[in-house]
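Structure record follows, encoded as structure tokens.
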Amino acid sequence: MDRPSHDSSRTTGSEVDLMGVWFRRVVQSDQAAFEALFRAMRSGLVNYAVQITGDEATAADIVQEAFLRFWQRRAEHDPSGSVKALLFRTVRNLALNSVRDGKRRAKLLAEGYEPPLRSAPPPDLTLAGRELAGRLREWMDELPDRQREALTLSRFQGLSHEEVAAVMEVAPRTVNNHLVRALRTLKERLESHREGSSVKGAG
Amino acid sequence: MMGGQNERPPFPAELGSEPDAGDLEEVWSLLDDARADAGFVDDGAALDQAWARLAGEIQGLEVDVDAVGPTSPGSGAERSSRRLAPVWGLVAAAAAAIFVMVGPPATITVEAGPGESRSVTLADGSLVELNSGSTLSYARWVTGGSPRARRVHLDGEAFLQVVPGDAQFLVRTFNAEVTVLGTAFNVRAREEPGGGTDVAVQSGRVRLAAAGIGKGVEMEGGYAASVELGATEPGSPTLTRLEPVLSWRTRGFAAVDLPLGSILAELERRFDTRLEVSEGVALDERLTVHYQEPSSLESILRDIATARGLGFRAISGGYEIHP
């Protein structure tokens, strides 16, 4: 039963396994595994930190600091846990600290994060698709912070309910509620948008 | 590739029980085009730069232990292994610490425990990578100086890259002796049923003989030969695919034509786990498994069970394999 090497289109399951393998090796001081983790996770973590800090340079520094701490304390980590949850939680705490240091934490917690700068939608979409993508992003910005954070971690960073719960320091059930509410709100917005478009189209 | 823009997480199973799950899933999939966080995507150069900065900071932290590493500056071996230098430095520091404690002419021992792997740089620049559950020991001279005799003892599995030298390099196992001048090769010495000392040569020329007995075989790159358990001379060298033999170095897993019992013992060492076997499972049946990339214990067990018509279940600290 010779089994060929995996190709690049991995399932989520094997991704999680690979992360676990790297995590174990990092705990054993394997720098090559540390590099692999860094390369696989940096973009997602920087994006997440940008959402909190609103600034890409600060976000990149925070992620750098998070990985440095992760390496320094590698021997203290339990490699059977989720390395994704660990790194996202570290980045979240550092980012919130950075915002607080900028005297913005109170505002953030009371009113919500400042909407981060958005890039243009992917160029390969049709005009209608681009418009819809843009709308969805606007609607996501209008979600309550916790709902948007749970949705971002789950939908765009690929974290499980348990991992999102560990990052946000809430119960998995709460994560579920945030996600359901966020998706329902977006669905309602989508329906009104579609009705509006079809009325315009008919008139 | 991972954690990047192309990752498309599936609709969470937890949401499937909601009455409007269909609506929720529709929005979930539409969000593919609306990544709110698509603003920052690493390009290769930026990522390399960020890694270089981080690696520099890490090495700054560990410069003290790295400084006592035995690798001679500027050697080819060091250049090719710079990326892992701090790790080797740590092992070397540990080895040096042991040496200081026990003093000459004691033996230095480096062990890769279950679930671990280690790399060691010897004083002559030769590199040894140890697989899980393996022990390398050598006399003080290897870190000290005289290159006249280069001799190590191996219990377990290692890949050795021996730099050319005036003296031959000797690897002793429980039942065999492997002598080389300058080469890269894999030695797997397991004293267990179906075990023995298996040698596979990547490059250069290697001589394999049973321990204490002169008669041996010589082989070059691409060939492998074994001294089987209880044998008094090695088998004939055969051309061998090296990829499976060396896959453990990249944390893959392979066992080529090994008895099931040996494969399970290898899995126990690799994954630091306990594998029990209930009656009716034939441990001496041979099979081949090969995972070039890191794979989970569960997926390997599932494949073995499927191939042999067996089942397995989780038990405390491991798994039980049953008919």
Side-chain angles (χ1 to χ4, degrees), chain A residues 1-3 5-6 8 10 12 15 17-18 20-21 24-25 28-32 35 38-44 46-48 50-51 56 59-60 64 67-68 71-72 116-119 121-122 125 129 132-133 136-137 140-141 152 154-158 161 176 179-180 183-184 186-187 190, chain B residues 1-5 7-10 12 14-15 18 20 23-28 30-31 33-42 47 50-51 53-55 57-58 61 83-87 90 115-118 244 251-252 287-296 298-299 303-304 306-307:
Chain A
M1 49 181 266
D2 218 20
R3 183 169 145 157
S5 305
H6 299 280
S8 58
R10 297 162 182 290
T12 302
E15 274 184 18
D17 288 340
L18 193 52
V21 170
R24 265 171 82 138
R25 290 173 60 187
Q28 294 157 16
S29 300
D30 183 334
Q31 196 178 322
E35 180 176 354
F38 179 78
R39 289 179 178 276
M41 292 195 62
R42 180 167 180 266
S43 280
V46 171
N47 276 314
Y48 177 59
V50 167
Q51 287 213 317
E56 197 174 294
Q64 207 80 4
F67 271 100
L68 193 60
W71 178 258
Q72 285 173 303
L117 296 171
R118 301 291 189 224
S119 63
L125 293 177
L132 181 60
L136 280 166
R137 278 203 298 275
M140 275 193 70
D141 285 344
T152 301
S154 173
R155 181 62 183 82
F156 298 127
Q157 305 298 349
H161 273 40
N176 203 68
L179 286 178
V180 169
L183 290 171
R184 270 189 197 142
L186 294 179
K187 173 67 181 174
L190 185 65
Chain B
M1 180 163 51
M2 287 170 42
Q5 207 174 3
E7 193 175 87
R8 295 188 176 181
E14 291 93 334
L15 301 181
E18 299 297 328
D20 53 348
D23 286 349
L24 302 183
E25 187 164 7
E26 183 200 353
V27 178
W28 180 270
L30 278 174
L31 284 170
D33 298 330
R35 293 182 61 99
D37 59 352
F40 177 88
V41 178
D42 265 320
L47 191 55
W51 169 250
R53 192 152 67 91
L54 185 60
E57 287 184 63
I58 288 168
L61 290 173
R83 208 172 59 146
L84 282 175
V87 182
L90 282 174
E116 296 180 339
S117 60
R118 287 226 146 124
R251 302 313 279 169
L287 70 159
T288 294
V289 293
H290 179 203
Y291 301 83
Q292 192 61 30
E293 296 192 14
S295 300
S296 71
E298 291 75 15
S299 65
D303 289 344
I304 291 175
T306 306

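Bear in mind the structure is a predicted one, so any value in this text is a computation, not a measurement. Convention: sequence-line order gives letters A, B, ...; per-chain numbering from 1.
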Side chain A:Glu35, main chain B:Ala55, donor-acceptor under 3.5 Å: no
Using a 4.5 Å cut-off on heavy atoms from C-beta on, say whether the side chain of B:Leu31 contacts that of A:Met140. yes
Within the structure provided, determine whether B:Leu15 and A:His161 are in side-chain contact (heavy-atom separation under 4.5 Å). yes
Who pairs with A:Arg184 by side chain to side chain contact (heavy atoms under 4.5 Å, CB included), at least two apart in sequence or on another chain? A:Val180, B:Glu18, B:Pro19, B:Asp20, B:Leu24
Find the distance between CD (B:Glu26) and CG (A:Leu186) and round it off to the nearest 0.5 Å. 11.0 Å
Tell me, for B:Glu25 versus chain A, whether the close heavy atoms (under 4.5 Å) come from the side chain, the backbone, both or neither. neither
Do you know the tightest heavy-atom contact between B:Trp51 and A:Arg39? CD1-NH2, 4.0 Å
Closest contact, heavy atoms only, A:Ser154 versus B:Pro12: OG-CG, 4.2 Å
Spacing of CD belonging to B:Glu14 relative to CG belonging to A:Leu179, to within rounding of 0.5 Å: 9.0 Å
Roughly how far, to the nearest 0.5 Å, is CD of B:Glu116 from OG of A:Ser29? 9.5 Å
The test is side chain to side chain contact (heavy atoms under 4.5 Å, CB included); show your working for A:Asp30 and B:Arg251 and say whether it passes. CA-CA 12 Å; A:Asp30 183 334; B:Arg251 302 313 279 169; 5.7 Å; no
Taking all non-hydrogen atoms of both residues, which atom of B:Leu54 and which atom of A:Gln64 are closest, and how far apart? N-NE2, 3.3 Å
